[in-house]
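These notes are about the structure you will find just below.
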Amino acid sequence: MDFNQKNLAVRLAGKRIGNNIHFFTEVESTNDVLFRLARDGAPHGTVVIAECQTKGKGRLNREWQSPPGCNIYTSIALRPPIEPVYAPQITLMTGVAVADLLSEYCTGAVTLKWPNDVQIEGKKVCGILAEMSASAEGSVDFVVVGIGINVNIRKKDFEESIRDMATSVAEEAGHNISRLDLTVKLFDRFDELYTRLLDSGFGSIKDAWLSYCDMVGKQARVIFKNDIESGKVLGIDDFGALVISDKKGKIRRVIAGDASVVKE
Ligand code: BTN
């Protein structure tokens with residue numbers, strides 16, 4: 001088993017993301033652990049990695065299934081000099097980083113589904129959950145970016161509730177993948193795009209995001225609690241909202257929910 005604190009520390013030494021690693025055999029949620037560490041002053045680039053999570057958190061208070069020994073569950077602490085309204089750009093940027101990475105491993109189409117699902121051939125392979133703490137002055141204090149990637153889990157081992165909707169890198173590549181290599185490459189790509197986001201702005205990240213998104217130009221429905229928004233997807237805006245044109249041609253911004261393409 002090469003996926004451990006020692007090997008990760010050797011491979012990540014001196015890097016901006018991952019130089020400071022907290023590796024656990026089991027945690028409730030890597031996001032929760034890192035949120036506490038960041039509140040106590042953990043520096044930019046600190047990461048938490050766990051073999052398994054007992055209360056892995058997904059979007060909209062869902063559970064993220066986190067069995068041991070096969071996948072990546074990690075969280076990255078950032079201290080970005082941005083206003084809180086732009087924090088969703090970091091979630092979208094993370095989606096691009098994961099999509100770029102997984103495209104190297106699989107021949108199947110890697111796509112992004114708003115707001116943050118990475119899919120291979122239409123099945124979810126990765127989820128991203130960013131949580132922010134803002135200071136009293138209204139600036140971002142820190143952001144914790146949680147990333148869960150189904151790496152070597154096999155279809156038969158997914159819980160039945162998600163078996164038909166989920167996939168793993170190994171299922172798509174046809175062989176098991178080194179989690180050590182994948183984690184190192186993930187942090188490297190993440191750092192490249194994060195640096196680009198801060199230095200050059202959101203433009204090229206947004207273009208990359210849209211190039212991975214197969215919803216643009218299609219009719220979609222977004223469900224959030226009891227609300228349903230429907231319309232043709234035009235794209236995303238600089239605040240991470242999905243921009244749609246409703247049936248009267250009115251432009252609407254959707255900021256949260258589950259999106260799916262519907263037949264016209
Ligand atoms: C989603 O698609 O609903 C988001 C899932 C995010 C899961 C990751 S696993 C690592 C980190 N810790 C958590 O508790 N959640 C995120």
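As a basis for the values below, the full set of heavy atoms in this structure was taken, side chains included, without hydrogen atoms, waters or symmetry mates. First listed ligand is number 1; within each ligand, the first listed atom is number 1.
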Please round to the nearest 0.5 Å and tell me the distance separating atom CZ of Phe142 and atom CG of Leu78.
11.0 Å
Do Asn31 and Arg36 get their side chains close enough for a donor-acceptor pair, meaning under 3.5 Å?
no
At what distance is the nearest protein heavy atom to atom 8 (C) of ligand 1, and which residue and atom is it?
Gly148 N, 3.6 Å
Less than 3.5 Å apart, any donor N or O on the side chain of Thr54 or Glu28 sitting next to an acceptor on the other?
no
A student checking ligand 1 against Arg59 at a 4.0 Å heavy-atom cut-off should list atoms 1 (C), 3 (O), 4 (C)
Going by atom types alone, do Arg196 and Ser204 pair a side-chain donor with an acceptor below 3.5 Å?
yes
Is it true that Val98 and Leu129 fall in one hydrophobic cluster, defined by side-chain heavy atoms closer than 4.5 Å?
no
Under 4.0 Å to a heavy atom of Thr30 - the qualifying atoms of ligand 1, by number
10 (C), 11 (C), 12 (N)
Are the charged groups of Asp238 and Lys206 less than 4.0 angstrom apart, N to O?
yes
Under-4.0 Å heavy-atom contact with ligand 1, by part of Thr74 that carries it:
backbone
How far is atom 5 (C) of ligand 1 from its nearest protein heavy atom, and which residue and atom is that?
Trp64 CE3, 3.4 Å
Ser29 N/O under 3.5 Å from ligand 1 N/O
yes
Contacting atoms of ligand 1, where contact means under 4.0 angstrom from a heavy atom of Gly56
14 (O)
Less than 3.5 Å apart, any donor N or O on the side chain of Glu159 or Ser161 sitting next to an acceptor on the other?
no
Which residue from Arg62, Lys113, Gln53, Lys57 reaches closest to atom 12 (N) of ligand 1 through any of its heavy atoms?
Gln53
Side chain, backbone, both or neither: which part of Asp32 comes within less than 4.0 Å of ligand 1 when only heavy atoms are counted?
neither
With distance as the sole criterion, is a donor-acceptor pair present between the side chains of Asn20 and Thr46 under 3.5 Å?
yes
Check each atom of ligand 1 against the heavy atoms of Gly58 and keep those under 4.0 Å away; list them by number with element.
1 (C), 3 (O), 4 (C), 5 (C)
So the atoms of ligand 1 within less than 4.0 Å of a heavy atom of Lys124 turn out to be 1 (C), 2 (O), 3 (O)
